[in-house]
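Each ligand, and each atom within it, is numbered from 1 in the order the structure gives. Numbering starts at 1 and runs along the sequence shown.
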Amino acid sequence: MEVITEVDQMVEWVRECRAPRVLVPTMGALHEGHLSLCRAARDRAGEAGVVVATIFVNPTQFGPNEDLDAYPRQLAADLAACEAVGVDVVFAPQAGDVYASDASVSISEATLALGLCGGSRPGHFDGVCTVVAKLFNLTQPVAAVFGEKDYQQLAVIRRMVRDLNFPIEIVPGPTVREADGLAMSSRNAYLTPSQRQAAPGIQQAMVALREEIAAGKYEDSPSTAVEALEGRLEQVAGSESRVDYVALVHPDTLQPLESFWEDGELRYRLIVAVFVGKTRLIDNIGAN
Ligand code: PAF
């Protein structure tokens with residue numbers, strides 16, 4: 001496995017590479033969720049293709065009071081993990097090499113990025129779109145893999161690819177969960193033992209709500225279901241939990257749901273963000 005740390009080197013490598021590339025963008029602190037994306041990239045690339053993983057804690061997607069400095073960094077362990085799942089090249093640049101100090105161009109998605117995490121984290125998706133566009137330009141992949149755990153991010157990236165005509169297939173990777181149901185996230189490492197014990201309650205409450213919706217408990221009133229879940233999630237870690245948002249949205253448009261049903265089938269995405277202590281956890285599930 002090759003490790004590239006400089007932008008110029010990456011450009012040179014791509015210029016000489018004849019094989020189709022499949023990209024897995026990450027911010028490092030890799031866990032089984034990321035590794036499943038690398039494996040999906042390996043499958044998509046096949047024997048003729050090359051898997052490029054990027055490890056870059058992107059400063060522009062963090063707000064002023066967020067965890068940029070504290071974000072876990074473990075490059076040596078990440079490189080070993082990438083090698084073990086068949087990544088061919090890791091690109092791990094420095095922020096000063098990726099962004100000019102007087103950079104004045106960025107990319108904004110103006111519809112899907114506004115609510116949900118975009119509402120709570122203003123500017124977050126501008127940072128994500130900008131860095132992902134840079135990584136697309138630098139690695140020129142035929143396909144890129146993004147996890148469904150960040151459901152809104154996946155939708156925003158798909159929209160950017162469509163609207164800016166990036167000739168790149170976006171491959172979704174299913175959310176990977178711990179044995180107790182907690183969605184894997186680099187931020188789970190911030191949880192204290194008691195918070196960690198309580199955190200799977202988020203997914204349990206979401207799944208219980210899905211079952212209630214299917215059983216007709218909320219008739220056809222998504223807003224009543226949202227209120228019920230908010231109440232339960234506020235209790236998930238006692239006084240340590242605080243709901244950032246709960247949303248039932250259309251899976252494609254991310255607009256608030258008016259009916260659980262579409263063309264005779266239950267169709268929605270349930271998306272939540274909950275603070276457990278200081279750690280903001282996100283999760284989402286579909287109607288089935
Ligand atoms: O999902 C992430 O880890 C990041 O948002 C991404 C896509 C690597 C961009 O920095």
Side-chain angles (χ1 to χ4, degrees), residues 4 7 10 21-38 40-41 51-63 66-75 77-79 81-82 87 89-99 103 106-109 112-113 116-118 120-139 141 143-161 164 166 168-176 183-190 271 273 279-284:
I4 297 180
V7 164
M10 190 72 231
R21 291 164 293 281
V22 179
L23 177 68
V24 186
T26 82
M27 296 206 300
L30 303 182
H31 49 65
E32 192 45 43
H34 296 110
L35 300 182
S36 74
L37 303 181
C38 293
V51 176
V52 180
T54 63
I55 297 179
F56 179 59
V57 183
N58 172 38
T60 64
Q61 69 189 76
F62 288 78
E66 293 185 345
D67 56 344
L68 173 62
D69 293 336
Y71 199 83
R73 287 160 172 90
Q74 45 167 64
L75 187 60
D78 288 347
L79 294 179
C82 283
V87 170
V89 178
V90 171
F91 178 45
Q94 296 298 314
D97 200 15
V98 173
Y99 289 100
S106 65
I107 295 178
S108 277
E109 194 289 326
L112 302 173
L116 309 173
C117 288
S120 312
R121 305 181 67 190
H124 169 69
F125 287 112
D126 293 358
V128 171
C129 286
T130 303
V131 81
V132 170
K134 280 169 171 281
L135 296 173
F136 284 171
N137 286 334
L138 288 168
T139 60
V145 189
F146 291 85
E148 284 181 346
K149 154 94 180 354
D150 296 291
Y151 192 84
Q152 186 179 15
Q153 169 172 281
L154 177 61
V156 168
I157 297 295
R158 283 189 200 276
R159 181 62 63 89
M160 177 181 82
V161 162
L164 297 184
F166 282 105
I168 298 171
E169 176 198 349
I170 300 302
V171 180
T175 302
V176 178
M184 287 195 184
S185 162
S186 307
R187 292 192 167 99
N188 292 350
Y190 301 152
I271 308 187
T279 307
R280 186 173 174 281
L281 300 176
I282 59 172
D283 203 347
N284 69 86

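Under a 3.5 Å cut-off, the side chain of Gln152 and the backbone N or O of Leu112 do form a donor-acceptor pair. Of the possible polar contacts, one joining the Asp97 side chain to the Val7 backbone as a donor-acceptor pair under 3.5 Å is found. No donor-acceptor distance shorter than 3.5 angstrom exists from the side chain of Glu32 to the backbone of Met184, with no hydrogens or angles considered. Using a distance-only test at 3.5 Å, with no hydrogens or angles considered, a donor-acceptor pair links the side chain of Ser36 to the main chain of Gly33. In this structure a side-chain-to-backbone donor-acceptor pair under 3.5 Å is present from Asn284 to Glu148.
Distance CZ/Phe125 to OG1/Thr60: 12.5 Å, rounded to 0.5 Å.
The protein atom (non-hydrogen) at minimum distance from atom 3 (O) of ligand 1 is Met27 CG, 3.6 Å. Atom 1 (O) of ligand 1 has Gln153 NE2, 2.8 Å as its closest protein atom, hydrogens excluded (heavy atom only).
Residue Gln61 has at least one N or O atom closer than 3.5 Å to an N or O atom of ligand 1. When only interatomic distances are considered, the shortest N/O to N/O separation between Asn58 and ligand 1 does not fall below 3.5 Å.
Near Thr26, the atoms of ligand 1 lying under 4.0 angstrom from a non-hydrogen atom of the residue are 8 (C). Those atoms of ligand 1 with a heavy atom of Pro25 less than 4.0 angstrom away are 8 (C). Shown in contact with Val131 at under 4.0 Å from a heavy atom are these atoms of ligand 1, numbered in order with element: 9 (C), 10 (O).
Within the 4.0 Å heavy-atom criterion, neither part of Ile157 lies near ligand 1.
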